[in-house]
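Structure first, then comments.
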Number of protein chains: 2
Amino acid sequence: MEFDTGAPIWGQLVTEFSRRIVTGEWAAGSRIPGVRELASELGVNPNTVQRALAELERRGLCRSERTAGRFVTSDEERIDAIRAELAHVAADDFIRRARGLGMRPAQALHLIEERWTHGDHTPADGARGGHDDV
Amino acid sequence: MEFDTGAPIWGQLVTEFSRRIVTGEWAAGSRIPGVRELASELGVNPNTVQRALAELERRGLCRSERTAGRFVTSDEERIDAIRAELAHVAADDFIRRARGLGMRPAQALHLIEERWTHGDHTPADGARGGHDDV
DNA sequence: GTTAGTGTATTAAGGTCTTAGTACAGCAAC
DNA sequence: GTTGCTGTACTAAGACCTTAATACACTAAC
């Protein structure tokens, strides 16, 4: 996985882990890989993974059993709520930026439609997390 | 202006200043307020403003005349290009996040349409720049 | 009991970001 | 010349993030 430079990695991991849960990549109730294993997979320090998982736990997406490991919550309503929340935040972020550029709704929708199948959807640069790539 | 905690302020200023230029709030060829004045307006340190403006200059959006101040570029083609680039990056960011959540184009478009006039478009939290708010 | 695997906590080091304060060079107005 | 305004440069301090390397408590398997 690649990370934005300038934004804390643990915050980006919260996003990634949330995504894995709401997409079912990490199924409800299933066991989450250990901090050392995740750290190895992601190429970061176990401490960084732990900080992200602690935040995930605070948000009610997982629970830790001190000696057996961490498990995704079995509360599917909670997972559904987070999925909707992530979608809303993504949409609102785009709307805020589009409005800031003076776009109208029709323009914005057309732009999304056009670029969805346009080809590359790489983050272009993804610098510093502030949407300031050029 | 409010800033995300965890993401460098100077990067967020690059975005904001770019937005002001491409929207015409800072007209092509016009003078940009001094670093001290901007710093006072934004509630940050003049050094932070200067770092953002230096980046803006690197991107060809402004030029500095060492004793008279900074001026927005008169190259309107460059401004148009940046405006398009900012729109594309915003769209691609949304598309990447929507796809990551398993959404289909029609769903994504409907979501944007629905929330454009939904009411509040506050950044919800905007923590750490990693789109990880819940 | 021993071993291995969990999550968790701690300390230290190095890096970046932000603020603060100061200083300098150059131009314009008086 | 003096004053005031620019951009620019520099140092120092504090805060946060990341990495690294341990260490501990607890459970399960043998």
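Here is how names work: the chains are called A, B, and so on, in the same order as the sequence lines, proteins then strands, and each is numbered from 1.
- Between the side chain of B/Ser40 and the main chain of B/Arg36, no donor-acceptor pair closer than 3.5 Å is present.
- Atom CD in B/Gln50 sits roughly 13 Å away from atom P in D/dT6 (whole-Å rounding).
- For A/Gln12 (side chain) and A/Ala7 (main-chain N/O), a donor-acceptor pair under 3.5 Å exists by modelled atom type.
- Per the geometry, CG belonging to B/Leu13 stands 13 Å off P belonging to C/dC17, to the nearest Å.
- Side-chain atoms of A/Gln107 come within 3.5 Å of backbone atoms of A/Arg104 as a donor-acceptor pair (strictly under, hydrogens ignored).
- Rounding to whole angstrom units, CZ of residue A/Arg66 and P of D/dC26 are separated by 8 Å.
- Ranking D/dT8, C/dG26, C/dT8 by closeness to the A/Arg70 side chain, first place goes to C/dT8.
- In this structure, the CG atom of B/Asn45 is 14 Å from the P atom of D/dG7, given to the nearest Å.
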Which pairs of donor and acceptor atoms, one on a side chain in residues 63-73 of chain B, lie under 3.5 Å apart (sequence neighbours left out)?
from, atom 1, to, atom 2, distance (Å)
B/Arg63, NH1, B/Glu65, OE2, 2.8
B/Thr73, OG1, B/Asp75, N, 3.0

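- Of the residues in residues 27-37 of chain A, A/Arg36 come within less than 4.0 Å of DNA chain D through at least one heavy atom, sorted by number.
- Look at CZ on A/Arg51: it is 12 Å from P on D/dT19, rounded to the nearest Å.
- Atom pair B/Trp10:CH2 and C/dT16:P shows a separation of 12 Å (rounding to whole Å applied).
- Without hydrogens or angle criteria, A/Thr48 side chain to A/Val44 main chain gives no donor-acceptor distance under 3.5 Å.
- One interatomic measurement links the two molecules: CZ of B/Phe3 to C1' of C/dC17, which rounds to 13 Å at whole-angstrom precision.
- In this structure, the side chains of B/Leu13 and B/Phe3 come closer than 4.5 Å at one or more pairs of heavy atoms.
- Across D/dC10, C/dG7, D/dC26, the shortest atom-to-atom separation from the side chain of B/Asn47 is found for D/dC10.
- The CD atom of A/Glu57 sits 14 Å away from the C1' atom of C/dT6 (whole-angstrom rounding).
- For the pair B/Ser64 and D/dT6, the criterion of a side-chain N or O lying under 4.0 Å from OP1 or OP2 is not met.
- Side-chain atoms of A/Arg20 do not come within 3.5 Å of backbone N or O of A/Trp26 as any donor-acceptor pair.
- When each of A/Thr67 and A/Val44 is assigned the nucleotide of DNA chain D bearing its nearest heavy atom, the one mapping closer to the 5' terminus is A/Val44.
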